[in-house]
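For reference, the structure is listed below as structure tokens.
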Amino acid sequence: MKLGYPCINRSIGCTANKKFRLVSYSEQKLIDTVSNNMDCLSRILEYNLKNDLLFFRISSETIPFASHPICEFDWVGHFSPKRREIGQFVKESNMRISMHPDQFILLNSPDGNVTQRSIAELEYHCSLLDAMGLDSSAKVQIHMGGIYKDKKKAILRFVERYEGLDERIKKRLVIENDDRLYGLEDCLEVSGACNIPVIFDSFHHECLNKGEDILSAISDATATWGEKDGMAMVDYSSQQPGGRMGKHATFLDVGLFRDFLESADGFDIDIMLEIKDKEKSALKAIGIAKELGRL
DNA sequence: CCATGTCAAGGTCAC
DNA sequence: GTGACCTTGACATGG
């Protein structure tokens, strides 16, 4: 089992998701920004290794505007030594990497332009992971997308479009249950239709479910991961006390996480802690996992 | 220097 | 039909 956190580290004084406005785009600005992001990513990964945090989500903003038509720069070529160095570090340290394109990525949109832009964005994500030399266990997770007033058709459209994707995207893509539209059951149905792994989000499942308990949910999701996919990934969070239903917690609730780990006992999974204070909570989680003998 | 409006991208829901 | 919200940080401008 590996534990980790997404994209941002607030302890080491740099950010790996620096960006700029489209209006101020220039090749030099892109190069400077990406250099900064890559250097900081190295530092984050070094911090993570020292702290037994072997799972990390790389920010989608690592290469700003990578899939935008304005960007014609050969970033794969230009940053070749640095990204290979990072990839090497990841492999030597036995780390696990994921990425999570944001809400605009909608494979099943009825609007073909939206789908095309989404695929371009997926290509960028996969290119970055490819360029680091990571195998197919480094995943790119997305949600199912919208409903568009006809869920059955929207699901069929997803399956159809997924099947039409290049193998280099398919081997990395996984779907995650969301908190409003597509629950675990829907994701499992899609997985059955096109063999895509399901990444289980425990908090979204609390918000939207068909009454499945945590154990069977993790069991069903885990079963969709094949040998080449690596260990099943799980996203963990909990409700922010006093916050709107669905709001992620600011701090890790240690008791809840301990319960979660105990209920997931027996499953070899990699857990991403989607808690707002990032590495601080991840460190607490490491402590709990060690206490329970899970690490 | 600080406060605040805004940022590539879509979709759902409440009103 | 319109606007708030998702989730959220940080860029960039204007005082």
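Applying the side chain to side chain contact (heavy atoms under 4.5 Å, CB included) test to A/Leu49 and every residue at least two apart in sequence or in another chain returns A/Leu54, A/Phe89, A/Ser93, A/Met95. Judged as a side-chain hydrogen bond (donor to acceptor under 3.5 Å, both in side chains), and not counting sequence neighbours, A/Lys153 has no contacts. Applying the ring-ring contact (aromatic ring centres under 6.0 Å, His included) criterion to A/Trp75, with sequence neighbours excluded, gives A/Tyr124. Partners of A/Phe56 under the ring-ring contact (aromatic ring centres under 6.0 Å, His included) rule, at least two apart in sequence or in another chain, are A/Tyr5. Residues satisfying the side chain to side chain contact (heavy atoms under 4.5 Å, CB included) test with A/Cys194, not counting sequence neighbours, are A/Val159, A/Tyr162, A/Glu163, A/Val190, A/Ile196. Every residue two or more places apart in sequence or in another chain that forms a side chain to side chain contact (heavy atoms under 4.5 Å, CB included) with A/Gln141 is listed here: A/Arg57, A/Ser98, A/His100, A/Val174, A/Glu176, A/Ile199, A/Asp235.
A salt bridge is defined here as a Lys NZ or Arg NE, NH1 or NH2 lying under 4.0 Å from an Asp or Glu carboxylate O, and A/Asp130 with A/Arg168 meets this definition.
Listed by residue number, A/Ile147, A/Tyr148 are the residues of residues 147-158 of chain A with a heavy-atom contact under 4.0 Å to DNA chain B. Residues of residues 103-129 of chain A that place a heavy atom closer than 4.0 Å to DNA chain C, in numerical order, are A/Gln103.
Along DNA chain B, the stretch of nucleotides lying under 4.0 Å from any heavy atom of chain A spans, 5' to 3', B/dG5 to B/dT12.
Through direct or indirect side-chain contacts shorter than 4.5 Å among Ile, Leu, Val, Met, Phe, Trp and Tyr, A/Leu208 is connected to no other residue.
A/Gly145 comes within 4.0 angstrom of nothing in the nucleic acid, heavy atoms only.
In DNA chain B, the stems built from three or more successive Watson-Crick or G-U pairs (distances below 3.5 Å) are B:1-7 with C:9-15, B:10-15 with C:1-6.
Of the C1' atoms belonging to B/dA8 and C/dG1, the separation is 25 Å, rounded to the nearest Å. Separation of the P atoms belonging to C/dA4 and B/dG5 is 13 Å when rounded to the nearest angstrom. C/dG9 and B/dG10 have their P atoms separated by 22 Å, with the value rounded to a whole Å.
Residues A/Arg96 and A/Ser137 are in side-chain contact: their nearest non-hydrogen atoms beyond the backbone lie under 4.5 Å apart. Between A/Leu22 and A/His68, some side-chain heavy-atom pair lies under the 4.5 Å cut-off.
Without hydrogens or angle criteria, A/Arg294 side chain to A/Leu261 main chain gives a donor-acceptor distance under 3.5 Å. For A/Lys171 (side chain) and A/Asp229 (main-chain N/O), no donor-acceptor pair under 3.5 Å exists by modelled atom type.
The six-membered or imidazole ring of A/Tyr182 lies away from that of A/His143, with a centre-to-centre distance of 6.0 Å or more.
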Assign a letter to each nucleotide of nucleotides 9-15 of chain C from its 5' end: B, base within under 4.0 Å of a protein heavy atom; S, sugar-phosphate only; -, no contact.
BSBS---
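Dense packing is recorded around NZ of A/Lys284, with more than 12 heavy atoms of other residues, nucleotides or ligands lying under 6.0 Å away. Remark: A/Glu167 CD is packed, more than 12 non-hydrogen atoms of other residues, nucleotides or ligands lying under 6.0 Å away.
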